[in-house]
**Student:** 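After the structure tokens below, expect a handful of questions from me.
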Amino acid sequence: MATAGGDADPPQPFPADLDDNGFPSLPSPPAAAGSTSVFAEDFYRSGTDWSSLRDPPPRRPPEGPPGVKAKEKEGASLVQSSLFQAWGIERPRREGGAAGHSSPVQKSLFQAWGIERPKREGVGAGDPCPSPIRSGSWSGRKRQRGGPGEAAPAAMNPRTCPFYKKIPGTPFTVDAFRYGEVEGCSAYFLSHFHHDHYGGLTKKWCHGPIFCSALTARLVKMCLSVNSDYICPLELDTEYVIEGVTVTLLEANHCPGAALIHFRLSDGKTYLHTGDFRASRSMQLHPLLQRGRVNLLYLDTTYCNPKYKFPPQEDVIDFVVRTARRYLAKQPKTLIVVGAYSIGKENVYLAISQALDVPIYTDASRRRILHSFDWPDLSKRICSCNQSSLHVLPLGSVNHENLKKYLETLNQKFVAVLAFRPTGWTFSEATGKQLDLIKPSSNGSVTIYGVPYSEHSSFTELRDFVMFLRPQVIRSVNVGNVASRDKMQAYFREWLKGS
DNA sequence: GCGATCAGTT
DNA sequence: CACAACTGATCGC
């Protein structure tokens, strides 16, 4: 393929081939034909984010993995990971205790999709069902798109899948469900169950198998009624061979079921797709996330700007609990409300429930979703009686007008509302550092606190993660404007320079 | 009625 | 303020 210009190529940036959209991998002017899609033009105009960011090729560190002495506050909970065992390290525990997934692996399903069963590292346990890889095996289930000569209606001709959702050298896409059938894609990965990622998934889905965590799989089935035949749940920290690629899901520290997706190609190349994630020190303990081992990083850069600072989740939870205690002490007939999207922020209201020993009330649809997590510590605190003094409501309804009305529907049981909006980012810089400076918004009997409880990485967390991982190439998965992407590239270069 | 798309909301 | 992630209105089938 055409190398950009004739200038002396730096050590060949990776990846060097065309991707599935046929975009040249090397930076070249957008002039390259009107055939280039809008996405590609945009991409080139903004400068590339897949040029090599490091001078020399990655080197393994001389010593073993740094910081392996697992100084996590709690001892290890159950370890289901052969990878961790292989490394002889304790697996960091996810606070709150959504320890693991217990849903059994459906063997038949793996056979159906031609996937090799989990590989147990070290042990030659092999796979019990070495069915051949049948990359086109599901094509028979594809819906026929109109008969011969029948043009596809506009509704069936959605935008094309952008390049950053495709995994080069594989027939995989990540979070690409709104484009109908993606050409060349025979396995569709879903990083987590949030609308902007699963958008386009409906019960009519028929374009290929969907790989995701077991928890996400349950939600896809339950909430979207996607045909189970298409849903392929994968356990975390377990290697699967899919279409010849070794795939491992890792805890993403975003929302329940959210996963980082690690791909190892047969040629040894490794890619990490973060989906949405909140980077943490404990991630650095993961055997697959050791220095210099990831060639290409697909990065969630939501808050990749130094203006985004927020405290650790634990600090925010502590603040929320303290505040709730204070209000209840002053007025025992206070209703505590926590706003939340469909999934996410569970630890905020779970912490209140545990600290104040009150059950969690929420509507039937959310109860169903929360119970599906199979998270006993949460399930046992959920109640269906709205007399409890802790309610979870949709974030959108946590405003003064709604809460005032809501209070009235509860017939005198409560005389005041204390509500929390755990939003990713609160504007004030002060509140990022000093939670006690947060000023609530009060209106009559209703008080609302916006709290900086984020399920995305802060700027410094992102920086620390990238500086630790030292990937060869970083590709942002967030579509921002040209200026912000240029700025991000500058940060990446800074973080990775002189390695 | 269903789903895709876009505009609006906090 | 910007942001993620949703909700609602509208339109075509």
Side-chain angles (χ1 to χ4, degrees), chain A residues 143 145-146 150-161 175-181 190-207 216 219 223-226 252 254-258 274-278 300-310 337-346 348 363 365-366 369 392-404 406 419-432 438-441 443 446 448-459 462 476-481 483-484 487-488:
Chain A
R143 181 175 52 178
R145 256 193 203 205
E150 187 183 325
M156 290 179 73
N157 186 22
R159 288 200 315 278
T160 55
C161 177
D175 299 338
F177 298 95
R178 46 176 68 242
Y179 315 101
E181 180 189 352
L190 174 59
S191 65
H192 65 289
F193 195 73
H194 273 157
H195 192 258
D196 46 336
H197 293 259
Y198 66 67
L201 252 188
T202 70
K203 61 170 158 246
K204 302 228 188 88
W205 179 262
C206 60
H207 302 302
T216 301
L219 293 168
C223 301
L224 306 177
S225 305
V226 170
H254 178 62
C255 66
T274 66
D276 281 353
F277 82 130
R278 183 154 184 185
D300 164 26
T301 51
T302 298
Y303 293 126
C304 189
N305 184 310
K307 72 180 175 188
Y308 300 123
K309 306 174 195 183
F310 30 76
V337 167
V338 176
Y341 296 131
S342 61
I343 65 171
K345 326 286 184 187
E346 291 76 16
V348 176
D363 66 35
S365 81
R366 189 188 299 268
I369 289 168
V392 180
L393 297 179
L395 243 194
S397 66
V398 178
N399 56 55
H400 288 288
E401 193 191 335
N402 260 290
L403 291 175
K404 189 172 188 294
Y406 191 67
F420 296 98
R421 308 189 88 254
T423 58
W425 176 68
T426 50
F427 183 66
S428 163
E429 281 217 358
T431 63
I438 296 176
K439 288 275 171 290
S441 144
N443 191 339
V446 177
I448 302 175
Y449 279 80
V451 293
Y453 185 88
S454 176
E455 290 178 332
H456 290 273
S457 313
S458 68
F459 179 76
L462 216 44
S476 169
V477 299
N478 305 80
V479 220
N481 59 47
S484 81
K487 225 171 155 191
M488 276 192 305

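Naming convention: chains lettered A, B, ... in sequence-line order (proteins, then strands); numbering from 1 in each chain.
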**Student:** Taking only residues two or more places apart in sequence or in another chain, which ones pass side-chain hydrogen bond (donor to acceptor under 3.5 Å, both in side chains) with Ser458(A)?
**Tutor:**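 Partners of Ser458(A) under the side-chain hydrogen bond (donor to acceptor under 3.5 Å, both in side chains) test: Thr460(A), Glu461(A).
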**Student:** Under the side chain to side chain contact (heavy atoms under 4.5 Å, CB included) test, which residues partner Leu395(A), sequence neighbours left out?
**Tutor:**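 In terms of side chain to side chain contact (heavy atoms under 4.5 Å, CB included), with neighbours along the sequence ignored, Leu395(A) is linked to Tyr341(A), Arg421(A), Pro422(A).
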**Student:** Mapping Asp300(A) and Pro394(A) onto DNA chain C by nearest heavy atom, which one lands closer to the 5' end?
**Tutor:**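 It is Asp300(A), whose closest nucleotide lies nearer the 5' terminus.
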**Student:** On the nucleotide dA4(C), are OP1 or OP2 found under 4.0 Å from the side-chain N or O atoms that Thr302(A) carries?
**Tutor:**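 Checking dA4(C) against Thr302(A), a side-chain N or O does come within under 4.0 Å of OP1 or OP2.
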**Student:** Figure out the CG/C1' separation between Leu201(A) and dA5(C), and round it to whole Å.
**Tutor:**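 Those two atoms, CG and C1', are 16 Å apart.
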**Student:** Name all residues meeting the side-chain hydrogen bond (donor to acceptor under 3.5 Å, both in side chains) criterion together with Ser397(A); count only those two or more places apart in sequence or in a different chain, and write none if there are none.
**Tutor:**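 Not a single residue meets the side-chain hydrogen bond (donor to acceptor under 3.5 Å, both in side chains) criterion with Ser397(A).
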**Student:** Tell me whether the OP1 or OP2 atom of dA2(C) has a side-chain N or O from Tyr308(A) closer than 4.0 Å.
**Tutor:**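 So the side-chain polar atoms of Tyr308(A) never come under 4.0 Å of the phosphate oxygens OP1 or OP2 of dA2(C).
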**Student:** Could you tell me which residues satisfy side chain to side chain contact (heavy atoms under 4.5 Å, CB included) with Ser342(A), sequence neighbours excluded, listed by chain and number?
**Tutor:**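 Side chain to side chain contact (heavy atoms under 4.5 Å, CB included) check on Ser342(A) returns His194(A).
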**Student:** Among dT7(C), dC6(C), dG3(B), find the nucleotide with the atom closest to the side chain of His194(A).
**Tutor:**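 It is dC6(C).
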**Student:** Atom CG of Asn402(A) to atom P of dG8(C): distance rounded to whole Å?
**Tutor:**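 My rounded result for the distance is 11 Å.
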**Student:** Examine dA5(C): is either OP1 or OP2 under 4.0 Å from a nitrogen or oxygen in the side chain of His254(A)? Give yes or no.
**Tutor:**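 So the side-chain polar atoms of His254(A) do come within 4.0 Å of the phosphate oxygens OP1 or OP2 of dA5(C), strictly under.
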**Student:** Rounded to whole Å, please give me the gap between CG in Leu462(A) and P in dC3(C).
**Tutor:**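 After rounding, the gap between these two atoms is 14 Å.
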**Student:** Just how far, in rounded Å, is P of dT5(B) from CG of Asp196(A)?
**Tutor:**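 Asp196(A) atom CG is separated from dT5(B) atom P by 15 Å.
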**Student:** For Arg178(A) and dT5(B), give me the distance from atom CZ to atom P, rounded to whole Å.
**Tutor:**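 Nearest whole value for this atom pair: 8 Å.
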**Student:** May I ask you to say what Lys203(A) touches in the nucleic acid, namely base, sugar-phosphate or nothing, with a heavy-atom cut-off under 4.0 Å?
**Tutor:**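 Touches sugar-phosphate only.
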**Student:** Which pairs, protein N/O on one side and nucleotides 8-10 of chain B N/O on the other, fall under 3.5 Å?
**Tutor:**
residue	atom	partner	partner atom	Å
dT10(B)	O3'	Arg421(A)	NE	3.2
dT10(B)	O3'	Arg421(A)	NH2	2.8

**Student:** Rounded to the Å, how far apart are Asp175(A) CG and dA4(C) P?
**Tutor:**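 These atoms are roughly 14 Å apart.
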**Student:** What residues form a ring-ring contact (aromatic ring centres under 6.0 Å, His included) with His197(A), not counting sequence neighbours?
**Tutor:**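 For His197(A) the ring-ring contact (aromatic ring centres under 6.0 Å, His included) partners, ignoring immediate neighbours, are His192(A).
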**Student:** For Asn305(A) and Tyr308(A), indicate whether the former's side chain and the latter's backbone hold a donor-acceptor pair under 3.5 Å.
**Tutor:**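 Absent.
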**Student:** Kindly say if Ser342(A) contacts the phosphate of dC6(C), meaning a side-chain N or O under 4.0 Å from OP1 or OP2.
**Tutor:**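 So the side chain of Ser342(A) is within the cut-off, an N or O lying under 4.0 Å from OP1 or OP2 of dC6(C).
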**Student:** Please report the distance, rounded to the nearest Å, between CH2 in Trp205(A) and C1' in dG3(B).
**Tutor:**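 That distance rounds to 14 Å.
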**Student:** Show your reasoning for whether side chain to side chain donor-acceptor pair (under 3.5 Å) applies to Thr274(A) and Asp300(A).
**Tutor:** CA-CA 6 Å; Thr274(A) 66; Asp300(A) 164 26; 5.3 Å; no
**Student:** Give a yes/no on whether any side-chain N or O of His197(A) is located under 4.0 angstrom from OP1 or OP2 of dA4(C).
**Tutor:**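 Checking His197(A) against dA4(C): no side-chain N or O falls below 4.0 Å of OP1 or OP2.
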**Student:** Identify whether any heavy atom of Thr423(A) sits under 4.0 Å from a base atom; if not, whether one sits that close to sugar-phosphate; answer base, sugar-phosphate or nothing.
**Tutor:**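 Touches nothing.
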**Student:** Whole Å only: how far is the CG atom of Asn305(A) from the P atom of dC3(C)?
**Tutor:**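 Atom CG in Asn305(A) sits about 8 Å away from atom P in dC3(C).
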